[in-house]
Amino acid sequence: MYGQLNEILKKFIIERFGENRWETIAKLKDIKGTFIAEDKYDDTISKNIIEAATKELDLQSDPFLEMCGAFMFQYLRRYGYEELIRNLANNVLEFLQNLDFVQSYLKEDYQDFVMPHFRCDDDSVSDRMILHYFSYRPGYQRIVMGFIREASKSLYKMELYIDIISNTEESVSTNKHGVREHVTFNIIAKQILDKINDPPPTFIAQTKKHGEEQILKEDVEAVKKKLEEIKEEFGEEALPVAKYKSSRAKWRAIAKISLLSRGFVPNYPNEIPINPRMFIEVFPYHVIFDPSMKVHQSGISIQQLMPSIRNRSSEMKDYFTLLYPRCTDLTYLNVQRFIRSPFILEMRREKMQKTWTKRPPLLIKGQMFHLRDNGSVFFMASPYIRAWEDLEKRTMRLADLPMWDATRDFLLSDMAYRVGSGQYYGHFFLDNNLVVNAGDMMNKMGDDAKDSGNEKEDVSVRGKWIRVQRDLDNERRRNERLYHAFLPRPLAMAIQKGEYSDADFYPEVTALFCDIVGFVQFVTNCKPSDVLAVLNTLYTEFDRLTRVHDTFRVESIGDAYFVVSGTPESDSHHAERVANTALGMMFVGSEVESPLTGESIQLRIGLHTGSLVGGVVHSRLPRFLVMGETAVVASKMESHGEPQRIHVSPTTYNAICEKGFKLEPRGKIDMRGIAPMETYFLVKNERATDDAIIGRPSGGQKVTHVNEKIGADVKEGMIGPNTDNSDVIPFLYQ
């Protein structure tokens with residue numbers, strides 16, 4: 001998952017209970033540093049924070065999560081979403097029904113995240129509704145309850161009474177995230193009224209405590225007897241209760257129509273004057289399909305792009321791939337489940353005209369409507385175009401978009417903005433060969449608008465300012481990612497704050513050196529592009545492994561790859577982390593072919609444990625460097641090793657020999673400048689599978705970051721090759 005929830009939990013605890021309590025909670029679960037919203041973290045971190053917080057704060061889990069949900073709403077308002085939230089809807093029902101639409105715009109920032117989905121039943125009204133919540137991450141429904149309670153109270157002055165009706169698991173796809181937690185909430189909304197001091201009761205029935213005493217048992221029995229007599233003489237329909245039910249049903253139907261129609265009852269025509277031919281021209285990108293997913297009707301543009309869809313036996317899955325909602329199969333049941341969500345479909349290239357073979361696929365985005373008369377679904381869509389570049393790559397023109405499509409206005413507004421203010425690069429505008437600071441330009445624009453007194457110009461300035469702020473935030477995130485690529489996270493955070501630490505001595509760390517066997521011959525006889533392709537593939541996987549095992553790549557030059565653990569933060573498990581990194585590197589190296597021989601490339605790796613000196617070199621691009629005998633010995637262990645073997649020094653052997661690793665003695669070897677020493681070969685980790693070593697639990701998709709801090713309840717020997725490791729990476733770092 002991404003780091004936003006972790007950051008919100010942290011801020012909530014600090015603001016509500018104080019920073020000291022957060023430090024205690026973080027120490028309980030060994031949680032370090034800050035969380036970056038766009039970075040990925042193991043889901044167990046959130047669960048560990050919640051578990052430690054409830055224990056430290058002496059709170060029940062459900063109330064704590066609901067408070068977090070309420071804080072999350074205020075957090076979003078505080079950090080840039082105030083205007084969107086304030087103008088999203090007129091009541092609680094509309095707010096819930098539009099949450100999916102808002103989330104669909106976050107998918108570009110969180111490419112791999114499967115968003116939760118919200119849908120209210122069709123017969124829901126503004127004060128009583130049934131809400132369906134779908135999420136692939138179970139256990140957070142109380143956060144949802146706190147979020148919508150706070151939203152209702154802050155925006156609409158409504159108090160929500162929420163009950164969980166059911167909580168089930170449903171499969172929507174064979175994908176990794178295909179299983180969803182489906183929680184159904186019953187929600188009753190009541191207006192929050194200002195408190196009025198009522199006068200004292202003048203008779204006993206005015207008090208709630210004794211109101212029921214005014215109805216006598218004898219009176220109730222008399223009414224029942226009278227109703228039975230009416231029923232026997234005139235029948236069921238004559239009963240006042242039956243008449244009341246009938247009247248109430250009619251009233252509720254009229255009230256519901258009035259609610260959905262903004263307070264008035266519309267006039268529905270008996271027939272629609274538009275004919276089918278005109279309909280498919282006015283809505284050129286629509287599709288209508290039945291419960292069996294067969295296409296009954298499609299717009300003229302879709303028919304032109306995919307002529308074979310006109311066949312009466314056409315099925316949706318043969319022509320479209322569902323991209324959003326993510327990790328969901330395109331089935332009739334899933335359409336019903338997520339009908340309040342925007343849908344993005346990709347047209348299958350093999351079904352499109354031959355002219356599209358070299359163009360990017362065309363996406364269409366729109367809304368699904370359930371046609372209750374016959375059970376069919378009407379998908380009203382238009383091309384999903386976010387920039388002029390999207391049009392140009394597909395050799396489309398503005399005329400290919402329907403005139404009623406708001407995308408036209410956005411594209412033209414973007415063009416007008418860029419022409420009017422000059423192209424914006426990073427933190428600066430570039431206009432007439434003059435580089436102007438963005439902040440200075442915004443101040444000048446604001447002053448000009450203020451002097452002119454032109455309201456429209458002022459609105460334009462606000463829009464441009466919001467755009468600049470968004471670009472500034474994006475640049476800040478890019479800078480943070482750049483710092484974290486060259487520096488360990490604690491040092492990167494310190495430098496961003498303007499704090500520069502001196503070099504330090506680390507008494508015990510573990511270093512790793514790796515190179516490619518026969519690299520000189522490889523470079524001599526292969527194309528430069530082939531050499532770079534192999535190195536890029538290897539280093540991409542090696543970098544991912546360092547994130548999985550929380551080690552740090554100090555340097556990579558040519559085929560040399562240098563990794564350390566235990567610096568700049570001390571870690572008692574540095575040797576195990578580096579050993580697992582080395583095993584993972586051997587595994588991924590065997591999957592890369594040499595363009596010279598066609599066989600898997602061979603690596604040579606050396607490990608050594610000892611002391612080092614490390615620090616940040618201050619320059620235009622700060623770098624973290626380490627120096628000392630440990631690095632030299634690790635390099636010699638690699639150079640004196642054997643192909644496809646991990647050569648281990650005696651100090652590393654002593655650090656990992658009792659930690660579940662299998663090692664073989666190599667014997668005593670002589671290395672120039674170093675006394676002869678007994679060395680070993682690292683063979684495997686007997687407590688973890690190969691999939692787990694490379695960050696691919698249970699054979700699934702590889703992960704990019706894992707928190708290996710397993711809870712205290714996981715005991716040695718509990719996790720192994722025959723254990724389900726889907727939730728926990730089995731490295732015994734404890």
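The first residue of the sequence shown is numbered 1, and numbering continues consecutively from there. Computation of the quantities below employed the complete heavy-atom set of this structure, encompassing side-chain atoms and omitting hydrogens, waters and symmetry-equivalent molecules.
- Looking only at side-chain heavy atoms (C-beta outward), L345 and Y319 stay at 4.5 Å or farther from each other.
- Contact record, I302 with H286: CD1-O, 3.7 Å, taken as the closest heavy-atom pair.
- Open room surrounds NZ on K153; 12 or fewer heavy atoms of other groups in view lie less than 6.0 Å from it.
- No more than 12 heavy atoms of other residues, nucleotides or ligands shown are found within 6.0 angstrom of CD1 on I272.
- Here the CD1 atom belonging to I162 is positioned 10.5 Å from the CD1 atom belonging to I188, to the nearest 0.5 angstrom.
- A donor-acceptor distance shorter than 3.5 angstrom exists from the side chain of N334 to the backbone of V172, with no hydrogens or angles considered.
- Of the possible donor and acceptor atoms, one in the side chain of R359 sits under 3.5 Å from a partner among the backbone N and O of T355.
- The ring pair (Phe, Tyr, Trp, His ring centres under 6.0 Å) contacts involving residues 336-360 comprise H117-F338, F134-F338, where partners must be two or more places apart or lie in separate chains.
- Between the side chains of S298 and Y285, not a single donor N or O lies within less than 3.5 Å of an accepting N or O.
- Remark: side-chain polar atoms of R348 are paired, donor with acceptor, to backbone N or O of K317 under 3.5 angstrom.
- Remark: R137 does not engage E181 in a salt bridge, criterion side-chain N to carboxylate O under 4.0 Å.
- If you check the side chains of N311 and S308, you find no donor sitting under 3.5 Å from an acceptor.
- Looking at R128, its side chain never comes within 3.5 Å of a backbone N or O of V125 through a donor-acceptor pair.
- Partners of F95 according to the ring pair (Phe, Tyr, Trp, His ring centres under 6.0 Å) rule, which considers only residues two or more places apart in sequence or in another chain, do not exist here.
- A salt bridge links K11 with E7: at least one charged nitrogen is closer than 4.0 Å to a carboxylate oxygen.
- The closest donor-acceptor contact from the side chain of S152 to the backbone of M158 lies under 3.5 Å.
- Heavy atoms from other residues, nucleotides or ligands lying under 6.0 Å from NZ of K47 number more than 12.
- Listed for the S314 side chain is a donor-acceptor partner under 3.5 Å among the backbone atoms of I309.
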Kindly determine whether F378 and Q367 satisfy side chain to side chain contact (heavy atoms under 4.5 Å, CB included), including the steps that lead there. CA-CA 8 Å; F378 171 37; Q367 184 176 357; over 6 Å; no
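- Between S341 and Y324, the closest heavy-atom pair is OG-CE2, 3.5 Å.
- D405 places no side-chain N or O within 3.5 Å of a backbone atom of L401 that could act as its donor or acceptor partner.
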Please walk me through it: do V295 and V287 pass side chain to side chain contact (heavy atoms under 4.5 Å, CB included)?
-> CA-CA 7 Å; V295 178; V287 180; 4.0 Å; yes
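- Partners of D121 by salt bridge (Lys or Arg N to Asp or Glu O under 4.0 Å), not counting sequence neighbours, listed by chain and number: R119.
- Taken from CG in L398 to CE in M396, the straight-line distance is 10.0 Å, to the nearest 0.5 Å.
- Qualifying salt bridge (Lys or Arg N to Asp or Glu O under 4.0 Å) partners for R394, counting only residues two or more places apart in sequence or in other chains: none.
- Nearest approach of I148 to L160, heavy atoms of both residues: O-CD1, 3.6 Å.
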Under the side chain to side chain contact (heavy atoms under 4.5 Å, CB included) criterion, do L330 and F320 qualify, and how do the steps go?
CA-CA 8 Å; L330 183 56; F320 302 99; 4.2 Å; yes
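- The CG atom of L363 sits 11.5 Å away from the OG atom of S382 when rounded to the nearest 0.5 Å.
- The shortest side-chain heavy-atom distance between Q141 and I164 falls under the 4.5 Å cut-off.
- Every residue meeting the side chain to side chain donor-acceptor pair (under 3.5 Å) condition with S154, not counting sequence neighbours, appears here in chain and number order: Q74, E150.
- Scanning for side chain to side chain donor-acceptor pair (under 3.5 Å) contacts around S292 gives D290, with sequence neighbours left out.
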- request: Evaluate the criterion side chain to side chain contact (heavy atoms under 4.5 Å, CB included) for residue pair L76 and F147; output intermediate values, then yes/no.
  value: CA-CA 10 Å; L76 293 176; F147 181 88; 3.8 Å; yes
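- Under the rule for a side-chain contact (heavy atoms from CB on, under 4.5 Å), the partners of S173 that lie at least two apart in sequence or sit in another chain are N175, D329.
- Here the straight-line distance linking atom CD1 of I85 with atom CG of L99 works out to 9.5 Å at 0.5 Å rounding.
- Considering only residues two or more places apart in sequence or on other chains, H132 meets the ring pair (Phe, Tyr, Trp, His ring centres under 6.0 Å) condition with H182.
- Going from atom CG of D127 over to atom CG of L93 covers 9.5 Å, rounded to the nearest 0.5 Å.
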Working note: R77 + Y75, criterion side-chain hydrogen bond (donor to acceptor under 3.5 Å, both in side chains); need CA distance, chi angles, decisive distance, verdict.
CA-CA 5 Å; R77 295 186 70 172; Y75 175 89; over 6 Å; no
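- Looking at residues two or more places apart in sequence or on another chain, you find no ring pair (Phe, Tyr, Trp, His ring centres under 6.0 Å) involving Y156.
- Across all non-hydrogen atoms, the minimal contact from Q297 to I280 is NE2-CG2, 4.1 Å.
- Side-chain atoms of R142 and Y140 form no donor-acceptor pair, as typed in the model, at a separation below 3.5 Å.
- Partners of T328 according to the side chain to side chain donor-acceptor pair (under 3.5 Å) rule, which considers only residues two or more places apart in sequence or in another chain, are R180.
- Using a 4.5 Å cut-off on side-chain heavy atoms (C-beta onward), S126 and V92 make no contact.
- Aromatic ring centres of F12 and F64: separated by under 6.0 Å.
- For the pair D163 (side chain) and I165 (backbone), a donor-acceptor distance under 3.5 Å is absent.
- Partners of D400 under the side chain to side chain donor-acceptor pair (under 3.5 Å) rule, at least two apart in sequence or in another chain, do not exist in this structure.
- Considering all non-hydrogen atoms of both residues, L9 and C68 come closest at CD2-SG, 3.5 Å.
- When atom types are taken as modelled, the side chain of N98 and the backbone of E94 share a donor-acceptor pair closer than 3.5 angstrom.
- Smallest separation of non-hydrogen atoms from C327 and V114: SG-CG2, 3.6 Å.
- Enclosure of atom CD in Q191 by more than 12 non-hydrogen atoms of other residues, nucleotides or ligands within 6.0 angstrom is indicated.
- Between the side chain of S376 and the backbone N or O of L371, no donor-acceptor pair lies under 3.5 Å.
- Side-chain contact check for M347 versus I364: some heavy-atom pair is nearer than 4.5 Å.
- At most 12 non-hydrogen atoms from other residues, nucleotides or ligands lie less than 6.0 angstrom from CD of Q60.
- Taking CD1 from I187 and CE from M129, the interatomic distance works out to 6.0 Å, rounded to the nearest 0.5 Å.
- F118 meets the ring pair (Phe, Tyr, Trp, His ring centres under 6.0 Å) test with Y133; sequence neighbours excluded.
- When only modelled atom types and interatomic distance are considered, T54 and S61 share no side-chain donor-acceptor pair under 3.5 Å.
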